[in-house]
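Here, residue 1 is the first one in the sequence, and each next residue gets the next number. Values below: all heavy atoms of this structure, side chains included; hydrogens, waters and symmetry mates excluded.
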Amino acid sequence: MLVVYLVLSGAIIGLDQWFKWWIVNQYNFGESQTIIPNVLSLTHIRNTGGAFSLFEGQQLFFLITTIVTVVAVIYYLVKHLQESKWLTIGLSLFLAGAIGNFIDRLRLGYVVDMFRLDFINFPIFNIADMALVVGVVMIFIYILLDERDKKNG
């Protein structure tokens with residue numbers, strides 16, 4: 001069963017890396033194109049920081065942190081393989097997001113971002129970022145459901 005979750009992670013990593021490659025080859029740095037007016041644009045940028053550009057330029061920190069995180073997530077996934085799908089799929093998505101951005105940092109020294117929400121002032125993000133966020137939300141839902149089940153006996 002572990003292979004299913006690793007394939008899911010691998011597919012998301014592949015999609016993330018392919019889309020980043022496509023953006024870099026189709027758009028000049030800083031170039032933007034509206035996809036859905038007033039909703040979504042594609043904008044080629046480079047992020048040397050983390051979420052919301054925190055810790056900008058601290059690539060060694062991100063590389064070390066990601067290695068430790070990936071090892072911990074794989075361990076936790078193996079250990080809790082028979083638990084809720086909320087947890088296992090959430091961990092798989094989190095793993096994919098972490099590795100997707102890790103590859104960029106290792107290979108390029110920055111992360112390629114491209115999705116810009118035009119209706120709100122929000123940082124530009126990528127597929128790996130989406131996988132991380134959805135993964136964390138799913139893990140949080142698992143924790144809430146698990147706590148509820150423990151409370152109800």
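- Asp118 CG to Ser32 OG: the interatomic distance, rounded to the nearest 0.5 Å, is 7.0 Å.
- Between the side chains of Lys20 and Asn25, no donor N or O sits under 3.5 Å from an acceptor N or O.
- Atom CG in Leu81 sits 12.5 Å away from atom OH in Tyr76 (nearest 0.5 Å).
- Ring pair Phe19/Phe115: centre-to-centre distance below 6.0 Å.
- For the pair Arg116/Leu40, no side-chain contact is recorded, criterion being any heavy-atom separation below 4.5 Å from C-beta on.
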Evaluate the criterion side chain to side chain contact (heavy atoms under 4.5 Å, CB included) for residue pair Leu117 and Phe125; output intermediate values, then yes/no. CA-CA 9 Å; Leu117 301 175; Phe125 55 95; 3.9 Å; yes

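- Separating the CD1 atom in Ile36 from the CG atom in Leu42 is a distance of 10.0 Å, to the nearest 0.5 Å.
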Criterion side chain to side chain donor-acceptor pair (under 3.5 Å) on Thr88 and Tyr5, from CA distance to verdict: CA-CA 7 Å; Thr88 52; Tyr5 298 111; 3.1 Å; yes

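- Using a 4.5 Å cut-off on side-chain heavy atoms (C-beta onward), Tyr110 and Asn47 make no contact.
- Taking the side chain as every heavy atom from C-beta outward, Val39 and Phe119 approach each other to under 4.5 Å.
- Between Trp86 and Ile143 there is no side-chain heavy-atom pair separated by less than 4.5 Å.
- Both Leu2 and Ile13 belong to a single network of hydrophobic side chains, linked directly or stepwise wherever heavy atoms of I, L, V, M, F, W or Y lie under 4.5 Å apart.
- No side-chain heavy atom of Leu87 sits under 4.5 Å from any side-chain heavy atom of Met138.
- We find that Arg148 and Asp146 are not joined by a salt bridge, their nearest charged nitrogen and carboxylate oxygen being 4.0 Å or further apart.
- Put simply, Ile99 and Val4 are part of the same group of oily side chains (I, L, V, M, F, W, Y) that touch within less than 4.5 Å, one to the next.
- Ring-plane geometry between Trp18 and Trp22 is classed as parallel, the angle between the planes falling under 30 degrees on a 0 to 90 degree scale with a further cut at 60.
- Side-chain contact between Asn101 and Asn126: present, with at least one pair of heavy atoms (C-beta onward) separated by less than 4.5 Å.
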Step-by-step side chain to side chain contact (heavy atoms under 4.5 Å, CB included) determination, Glu83 to Tyr142: CA-CA 10 Å; Glu83 302 244 354; Tyr142 162 75; 2.6 Å; yes

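- Atoms CG and CG, from Leu91 and Leu8 in turn, are 11.0 Å apart once rounded to the nearest 0.5 Å.
- Leu6 and Val78 fall within the same hydrophobic cluster, defined by Ile, Leu, Val, Met, Phe, Trp and Tyr side-chain heavy atoms under 4.5 Å apart, directly or through other members.
- Criterion: ILVMFWY side-chain heavy atoms under 4.5 Å apart, direct or through other members. Under it, Leu108 and Phe102 are not part of a common hydrophobic cluster.
- Here Leu95 contributes atom CG and Thr66 contributes atom OG1; the two are 11.0 Å apart, rounded to the nearest 0.5 Å.
- The backbone N or O of Thr43 lies less than 3.5 Å from no partner atom in the side chain of Gln33, so there is not a single donor-acceptor pair.
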Let's go through Leu93 and Leu132 carefully: what are the C-alpha distance in whole Å and the side-chain angles of both, what is the deciding distance for side chain to side chain contact (heavy atoms under 4.5 Å, CB included) to 0.1 Å, and is it a yes or a no? CA-CA 6 Å; Leu93 293 174; Leu132 280 164; over 6 Å; no

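- When atom types are taken as modelled, the side chain of Asp104 and the backbone of Val112 share a donor-acceptor pair closer than 3.5 angstrom.
- In this structure, CE in Met114 is found 10.0 Å from CD1 in Ile124, a value given to the nearest 0.5 Å.
- Put simply, the side chain of His44 never gets that close to the backbone of Gly30: no donor and acceptor are under 3.5 Å apart.
- Of all non-hydrogen atoms in Val70 and Ala98, the two that sit nearest each other are CG2-CB, 4.3 Å.
- With a 4.5 Å cut-off on side-chain heavy atoms, Leu106 and Leu63 count as touching.
- Under the 3.5 Å distance criterion, the side-chain polar atoms of Ser92 are left unmatched by any main-chain donor or acceptor of Ser9.
- Residue Leu77 is grouped with residue Met1 when hydrophobic side chains (ILVMFWY) are merged at heavy-atom distances under 4.5 angstrom, including chains of intermediate members.
- Cation-pi contact between Arg46 and Phe29: present, with separation from the ring centre below 6.0 Å and deviation from the ring axis of at most 45°.
- Of all non-hydrogen atoms in Glu31 and Gln26, the two that sit nearest each other are OE1-O, 4.3 Å.
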